[in-house]
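One structure below.
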Amino acid sequence: MRYDWDFGAVLAQAPLLLDGLIGTLRIAAAAIGLGVALGLVLALMRLSPRWLLRWPAAAFVEFYRNTPAIVHFFWFYFAMPVVLDVSLDAFLAATLALATQSAAFYAEVFRGGIRSLGPGQWEAGRALGMTDGQAMRRIILPQAMTRMVAPFLERSFELLKTTSLASTLAYGELLFRATQVNSATFRPLETYTVLAGMYVLLLFLFSSAAGFAERRMTAFR
Amino acid sequence: MADIVLETRGLCKRFGPIEVLRGIDLQVRAGERIAIIGGSGSGKSTLLRCLNFMETPSEGEVLLDGVPIGAPRRHRDGRVTTAYSPAALCRVRQRVGMVFQQFNLFPHMTVIENVMEGLRTVKRLPRAEARGKALAQLHRVGLAEKLDAYPARLSGGQQQRVAIARALAMEPEVMLFDEPTSSLDPELVGEVLRSIRTLAEDGTTMLLVTHELGFAFHVATRVIFLADGVFHETGTPDAVLRHPQRERTRAFLASHAEFTF
Ligand SMILES: Nc1ncnc2c1ncn2[C@@H]1O[C@H](COP(=O)(O)OP(=O)(O)O)[C@@H](O)[C@H]1O
Ligand SMILES: [Mg+2]
């Protein structure tokens with residue numbers, strides 16, 4: 001059996017797909033930003049000498065590492081209104097679900113990067129009279145960051161792909177728009193081929209930019 | 001007699017059950033250069049590290065310019081220990097500089113940035129002023145032409161001289177050197193020792209842990225032989241290195257027979 005590929009009908013829906021692309025980027029950017037900030041806080045808590053900080057952070061990380069992402073999407077979207085009497089729109093629910101889960105993974109990336117530096121760098125900072133905060137900010141983090149790039153990207157790629165779960169909340173990201181295009185055109189093969197192509201292109205651009213950034217950051221080696 | 005800059009009274013340091021320092025009484029006067037020698041594992045590094053609180057003393061006091069560091073804390077059972085606030089330790093470390101065996105330069109910063117870092121971040125000097133001070137110290141160690149190189153591009157000897165400049169830039173009252181040449185290739189030792197000698201000639205107060213006994217002989221004003229966590233023998237370089245009174249000191253020196261004065 002031969003199949004007649006016809007992308008025309010699908011490409012005619014380009015504005016809808018582009019809208020989906022923007023939706024995907026919006027969620028991803030918001031979730032990465034929030035996830036990185038929260039992840040850094042979690043990592044610092046886990047590295048703290050105080051168990052009262054360490055323990056909750058460890059529990060948070062373990063919880064999110066061991067539950068599927070879609071559960072968090074549903075939880076923020078459907079359970080929050082019941083439990084906390086706050087109802088979130090699809091964008092906010094998806095962003096929070098992704099950000100909290102990614103934060104758990106980012107925290108492990110940051111913690112690993114920070115711990116990969118030996119005690120000598122801490123001591124050199126302290127010996128100049130730096131507080132631990134100053135040593136962290138000026139000495140440890142800038143170096144740890146260069147070692148985090150690869151695992152950080154891996155997590156962020158994962159996050160970018162997981163944004164597709166927002167379609168289950170009827171949020172207009174790429175996958176959701178693609179299903180709309182599909183039901184309008186009855187061209188599933190073409191629709192999902194274009195969709196896959198858009199994800200590939202997106203991730204390729206993303207990783208090229210990251211590679212460039214990494215080379216600049218590690219120029220001192 | 002010059003003023004006592006740095007002093008310890010009954011300084012003890014334990015790591016778990018191991019007693020590394022057992023009651024050290026040390027007085028360092030302005031301009032003194034004290035060489036600390038002793039076998040490996042005898043506690044030389046631990047002693048230096050207690051002086052700038054890289055390690056917390058288990059017992060005893062450290063005084064800077066006659067002022068005890070930390071605040072006494074009385075426990076319910078009557079014991080008195082010393083509590084050290086992080087802020088107080090940061091202030092002490094600005095006044096007691098340290099040079100490490102492994103240099104520990106900041107690899108993500110250039111030479112000049114390494115030397116400016118403490119001035120900028122800790123002392124909060126304006127950039128131009130910090131740069132001026134950093135340049136002056138790099139001149140002193142003979143590295144004024146490597147300003148924009150990253151540490152990875154430098155030889156071990158050059159790295160250690162940058163580390164010395166970095167510590168000096170804070171204008172500390174005392175400098176601590178912990179085996180500054182021990183991780184260097186033999187042909188690079190000389191340049192670092194020359195830099196240290198320059199400081200000595202400028203009157204810098206310093207404590208130096210070293211196995212370079214010849215250097216200690218020529219540069220130190222006092223030599224301390226550390227063994228079993230106490231000062232086993234101390235005196236002028238001539239007394240300790242040439243005419244040791246104690247058997248243990250003689251045995252140690254004999255095992256370093258290769259040195260010449
Ligand atoms: N952080 C530490 N924890 C446990 N033991 C230590 C620590 N630092 C040093 N020691 C022990 O204390 C002793 C003295 O060490 P050190 O001061 O480094 O000796 P030196 O510098 O004279 O070679 C050694 O037995 C060493 O194993
Ligand atoms: Mg040592």
Side-chain angles (χ1 to χ4, degrees), chain A residues 36 40 43-45 47-54 109-153 210-221, chain B residues 45 48-49 51-55 85-111 113-124 148-154 159 162-163 165-172 175-178 183:
Chain A
V36 163
L40 193 56
L44 295 178
M45 284 171 73
L47 291 164
S48 158
R50 290 166 214 267
W51 72 268
L52 255 170
L53 291 175
R54 237 176 20 239
V109 171
F110 296 150
R111 192 167 72 110
I114 289 168
R115 285 183 36 157
S116 72
L117 280 139
Q121 289 292 309
W122 279 105
E123 288 190 350
R126 287 189 187 125
L128 290 174
M130 288 188 189
T131 62
D132 282 1
Q134 288 170 332
M136 179 62 98
R137 205 160 36 76
R138 299 286 309 162
I139 311 300
I140 304 300
L141 275 185
Q143 294 181 67
M145 249 144 65
T146 67
R147 301 173 187 209
M148 293 171 193
V149 175
F152 176 84
L153 282 182
F212 176 73
E214 181 175 19
R215 278 191 298 284
R216 292 207 42 178
M217 272 166 77
T218 56
F220 64 83
R221 290 218 180 106
Chain B
S45 296
L48 282 199
R49 291 165 58 81
L51 298 180
N52 73 341
F53 295 86
M54 292 286 111
E55 303 287 356
S85 76
L89 296 189
C90 288
R91 284 193 299 273
V92 169
R93 290 168 185 151
Q94 291 177 52
R95 298 166 60 189
V96 181
M98 182 170 236
V99 172
F100 301 89
Q101 182 175 340
Q102 301 297 341
F103 332 136
N104 294 343
L105 288 183
F106 307 132
H108 58 304
M109 298 182 187
T110 61
V111 165
E113 287 167 351
N114 263 275
V115 182
M116 288 169 65
E117 182 57 29
L119 299 173
R120 297 279 294 150
T121 300
V122 179
K123 293 205 165 169
R124 305 211 175 279
D148 298 317
Y150 282 100
R153 299 268 171 276
L154 303 181
Q159 289 190 46
V162 175
R166 179 176 68 179
L168 286 173
M170 299 298 283
E171 295 169 355
M175 284 282 285
L176 310 174
F177 293 89
D178 190 0
S183 55

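Please read all numbers here as calculations on a predicted model, not as lab measurements. So you know, we letter chains A, B, ... as the sequences are listed, proteins then strands, and number each from 1.
No more than 12 heavy-atom neighbours from other residues, nucleotides or ligands sit within 6.0 angstrom of CZ on A:Arg115.
Contact count against chain A (heavy-atom pairs under 4.5 Å) is highest for B:Leu105 among B:Leu176, B:Leu105, B:Leu119. The greatest number of non-hydrogen atom pairs below 4.5 Å with chain A, out of B:His108, B:Arg93, B:Arg153, is found for B:His108. Chain B forms the most heavy-atom pairs under 4.5 Å with one residue out of A:Gly120, A:Pro142, A:Gly118, A:Gly125, and that residue is A:Gly120. In terms of heavy-atom pairs under 4.5 angstrom with chain A, the leader among B:Arg91, B:Gln94, B:Glu117 is B:Glu117.
The heavy-atom pair separating B:Cys90 from A:Gly129 by the smallest distance is CB-O, 3.4 Å. Taking every heavy atom of both residues into account, A:Leu128 and B:Met170 meet most closely at O-CE, 3.2 Å. B:Arg166 and A:Ala124 get closest at one heavy-atom pair: NH2-CB, 3.6 Å. Annotation for A:Ala127 and B:Met54: closest pair N-CE, 3.6 Å, computed over non-hydrogen atoms. Shortest non-hydrogen contact noted between A:Gln134 and B:Val122 is OE1-CG2, 4.3 Å.
A distance of 10.5 Å separates CZ of A:Arg126 from CG of B:Leu89, quoted to the nearest 0.5 Å.
In this structure, A:Ile139 and B:Met109 have side chains that are in contact, with non-hydrogen atoms separated by less than 4.5 Å. Using a 4.5 Å heavy-atom threshold, the side chains of B:Arg49 and A:Glu123 count as touching. Contact annotation: the side chain of A:Gln143 approaches that of B:Pro107 to within less than 4.5 Å [non-hydrogen atoms, C-beta and beyond].
With a threshold of 4.5 angstrom between heavy atoms, B:Val96 approaches chain A through N, CA, C or O but not through any side-chain atom. For B:Phe106, the parts sitting under 4.5 Å from any heavy atom of chain A are the backbone and the side chain alike.
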